[in-house]
Amino acid sequence: MSQPIIIHWFRHDQRVSDNPALTAAADLGRVLPIYIHDTIHPGMHAMGAASRVWLHHSLADLSMSLGGDLAYFMGDPLPILLDLCQQHQVKTITWNRCYAPWQVTRDKQIKTALSAQGITVMSFNGSLLWEPWEVHKDNGDPYRVFTPFYRKGCLQVAAPREPLLAPTDCETVSTDRGLPLAALNLLPSLPWGEEIARHWDFGEQAAQRRLEAFIVEGLSSYKEGRNYPAKPYVSRLSPYLHMGQISPNQVWYMLRDEGVDSNVDHFCSELGWREFSYSLLYHNPDLPTQNLQAKFDAFPWQDNPERLIAWQQGKTGIPMVDAGMRELWKTGYMHNRVRMIVGSFLVKNLGVDWREGERWFWDCLVDADIANNSASWQWIAGCGADAAPYFRIFNPVTQGEKFDVDGAYVRQYIPELAHMPDKYLFQPWAAPRLVLQEAGVTLGTNYPQPIVDLKASREAALAAFASLKES
DNA sequence: TAGCTCGTTGGACAA
DNA sequence: TTTGTCCAACGAGCT
C-alpha cells in the first residue's frame, strides 16, 4: 500500500531546509505542498503591494525546489483544505505557526473545524527562536522592557532550537485542483513592481547567499557599521526572514559558528528585537492600531494630508528624509537608521499620527512585518514598550552629517543634489545663493523648500508631548 | 522589602 | 572643537 498523503500548508515558511512542519510531513508520508492566498481574513492588514511582489517571486522559486508540485489556491482556507482532504483522502495537515492576531484566530478555528472532520493538524514553530508564550517574567507577566526580555527571558532560559537539514526523502505529489501562480494576481500592473524586483534575488538559495555575503562583508564591522546607510554592513535579511526563505535559527547558528564577538552578539540581539516585537504583539493583539501607552490616546496629532503626501513621495525638502523615502519607493527597503530618522520626522516634526507611517511602510516594504512594523512605529512615536523618550527627536541634518559622512546615500537617491558641497548637502536651504547656483539647485523648482522648520517643529513637538504629562 | 541602578539607536547648550 | 549635563519617569532586576 502506498504512503498516505500529508498536506503541508506553506505560509511564512517558504523554504525546504529547517522547516519543522515540512520535515514532519515528509516523515509521515507523501507530501502535497500547497499555498493559499487568503483573501478573507486579513482585513486591513492584507499583504501590502511590495510584499505581494516578494511573495510572487518567492513562490515561483519554492515551487521549483518542490519539483513543480506546489499547488496555489486563493480564497477562504477552510473549504479549500476540506475539499483537498476529501479529494486526496488526507487525514493529516502540517503547518508552521503564524503570529498575526488574525492568523492566530483563523488557525484556531480551522484546527477545530478540521478536527471535527477527523483531520489532524500538526503545528510547529518555524519562524521564532522562542515562542512568545514561553518568555515571561518570574511572576508570569510578559516583559515590557527589551533588555531583561532578551537577557533573562530568552538567553537564560533555553538555547534556540538547532536548525534541521532539508528532508532527504521528501516525496511530493501534486493536485489538479490548484490555480496557476498568475491567477493569485500578486503583481501590480504598474512597472513599479518590476523596479522593486530588480533590487533583489528571491528564494531560499538567495537567502543563504545573502547571509554568506553578509558574513564576509558586513559582520566584522556590524556593531558600528550598521549605522551607516551607504555602507554594506547590514544584513538585508529582513524580507527573507519575514517570508521564511531563511529561519532565524539558521541565521543564529551560522553567525555563532563564526565565533562569538561583540558584532555577533549585537546581530543576535537584533534577532532578539524581532522576538520582542512578536512577544509584544502576542500579548497585545491591538499593537498595530492602538497606542500601547493609553495616555497617548489624547495626543493632538495633526491631520495634514499635504505633509503626509510630501513625506511619502520624498519631497519634504529635508534631504536625509527624502533620500530614505525614495529608497523605500525604489527598492522596497530602507536602512534601519534611516527608518528611525524618517519615522521621527513624520511623527515629531510633522506631528502626523504614527499609524499613517505604519500604513505606508506596510504597503511599500518588502519586509513589511506586522509585529516589527507596529512595534517599531510605536517605539519611535514614544507610545510603545521601552520607547524612545519624548525628548529624543532625531535631527535629520545632524544625523546626515554623522552617518552619511560623505553624502553618498543622499546623493544616490537625490541626484538633483549630487553637486551640492558636503557642507550644505543635508540643509540646502542654508546654502548661499551662489553655492546653490553652482550646484544647479533651485529650491522650490528642482528640489523642494523644506515643508517645515526643524527647530520650530521640534519645539512644538516637545510642547505637545509635555501636554500629555499634565493631562 | 526597600533602595538602588539601569535602560538600542539623541539633541541642545554651556563650559 | 570637544565634553558633560540635562531633558522624565518608571519598570525590571539586583542586592
Side-chain angles (χ1 to χ4, degrees), chain A residues 135-157 221-229 231 233-235 238 262-277 279-280 283-284 291-296 299 318 320-321 324 334-349 354 372 375-405 409 423 426-427 453-471:
Chain A
V135 182
H136 48 73
K137 294 190 272 180
D138 292 341
N139 69 2
D141 289 346
Y143 286 99
R144 294 181 55 104
V145 176
F146 171 73
T147 303
F149 166 86
Y150 181 60
R151 290 197 191 144
K152 191 157 185 263
C154 297
L155 294 182
Q156 283 181 26
V157 170
S221 306
Y222 179 73
K223 193 170 180 230
E224 293 305 320
R226 62 192 287 275
N227 286 310
Y228 297 85
K231 308 268 188 209
Y233 299 140
V234 290
S235 75
S238 51
S262 64
N263 291 299
V264 170
D265 266 342
H266 203 96
F267 191 91
C268 287
S269 83
E270 295 300 325
L271 291 175
W273 271 91
R274 179 173 178 272
E275 303 285 318
F276 186 50
S277 297
S279 170
L280 289 173
H283 294 289
N284 306 275
N291 298 313
L292 200 55
Q293 297 178 39
K295 71 173 179 187
F296 274 78
F299 192 84
I318 315 286
M320 199 61 192
V321 174
M334 198 193 303
H335 185 277
N336 183 55
R337 173 154 293 274
V338 191
R339 294 188 197 201
M340 293 189 286
I341 297 170
V342 304
S344 169
F345 181 77
L346 179 74
V347 171
K348 299 189 176 175
N349 295 98
W354 62 268
N372 289 331
S376 301
W377 273 99
Q378 293 228 31
W379 181 85
I380 197 71
C383 55
D386 205 8
Y390 77 87
F391 54 81
R392 191 164 291 164
I393 297 172
F394 287 66
N395 180 327
V397 176
T398 315
Q399 288 283 313
E401 289 165 351
K402 263 193 195 164
F403 298 115
D404 188 27
V405 183
Y409 180 74
K423 186 174 177 193
F426 303 103
Q427 45 178 343
D453 179 85
L454 290 177
K455 192 164 188 225
S457 57
R458 175 179 197 275
E459 278 158 16
L462 287 172
F465 279 90
S467 78
L468 277 188
K469 199 174 39 172
E470 290 154 17
S471 59

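In what follows, every chain begins at residue 1, and chains take the letters A, B, ... in the order their sequences are listed. Because only heavy atoms are used, hydrogens play no part in the values below, and waters and symmetry mates are left out as well, while side chains stay in.
In this entry the distance linking CD of E401(A) with P of dG10(B) reads 15 Å, nearest Å. One interatomic measurement links the two molecules: CZ of F465(A) to P of dG10(B), which rounds to 17 Å at whole-angstrom precision. Following rounding to the nearest Å, N336(A) (CG) and dT9(B) (P) show an atom-to-atom distance of 13 Å. Between K402(A) atom NZ and dA12(B) atom P there is a gap of 10 Å when expressed in whole angstrom units. Residue E224(A) contributes atom CD, which lies 11 Å from atom C1' of dT9(B) at whole-angstrom precision. For the pair F394(A) CZ and dG11(B) C1', the interatomic distance rounds to 10 Å; values are reported in whole Å. Between the P atom of dG11(B) and the CD atom of E459(A) lies a distance of 15 Å, rounded to the nearest Å. Nucleotide dA12(B) holds its P atom 9 Å from the CD1 atom of I393(A), rounded to whole Å.
Both key distances under 3.5 Å define a Watson-Crick or G-U pair, and stretches of 3 or more such consecutive pairs in DNA chain B run B:2-7 with C:10-15, B:10-15 with C:2-7.
Taking the P atoms as reference points, dA8(C) lies 16 Å from dA12(B), given to the whole Å. If you take atom P in dA9(C) and the same atom in dA2(B), they sit 22 Å apart, rounded to whole Å.
Taking the six-membered ring where the residue is Trp, F276(A) and F146(A) present perpendicular rings, their angle passing 60° and hence far from 30°.
Across all strands shown, E270(A) has heavy atoms under 4.0 Å from base atoms, whether or not it also approaches the sugar-phosphate. Counting non-hydrogen atoms under 4.0 angstrom, L462(A) reaches nothing in the nucleic acid. K348(A) comes within 4.0 angstrom of no nucleic acid atom, judged by non-hydrogen atoms across all strands. Base contact: F391(A) has a heavy atom under 4.0 Å from a base atom.
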Per-nucleotide protein contact string for nucleotides 10-15 of chain C, where B marks a base within reach and S marks sugar-phosphate only (heavy atoms under 4.0 Å, - for neither) = --SSS-
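Distances shown here put a side-chain N or O of N395(A) below 4.0 Å from the OP1 or OP2 atom of dA12(B). Applying the 4.0 Å criterion to OP1 and OP2 of dA12(B), one finds that K455(A) has every side-chain N and O outside that range. Contact check, Q399(A) against dG11(B): a side-chain N or O comes under 4.0 Å of OP1 or OP2.
Taking the salt bridge (charged side-chain N to carboxylate O under 4.0 Å, His left out) definition, one finds that D138(A) meets it with K152(A), sequence neighbours left out. A search for ring pair (Phe, Tyr, Trp, His ring centres under 6.0 Å) contacts involving F403(A) returns Y228(A), not counting sequence neighbours. Listed by chain and number, the residues in a salt bridge (charged side-chain N to carboxylate O under 4.0 Å, His left out) with R339(A) are D367(A) (sequence neighbours excluded).
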With a cut-off of 3.5 Å and sequence neighbours excluded, list every side-chain donor-acceptor pair involving residues 456-463 of chain A.
unit_1: S457(A); atom_1: OG; unit_2: N349(A); atom_2: ND2; d: 2.9
unit_1: S457(A); atom_1: OG; unit_2: D453(A); atom_2: O; d: 2.8
unit_1: S457(A); atom_1: OG; unit_2: L454(A); atom_2: O; d: 3.2

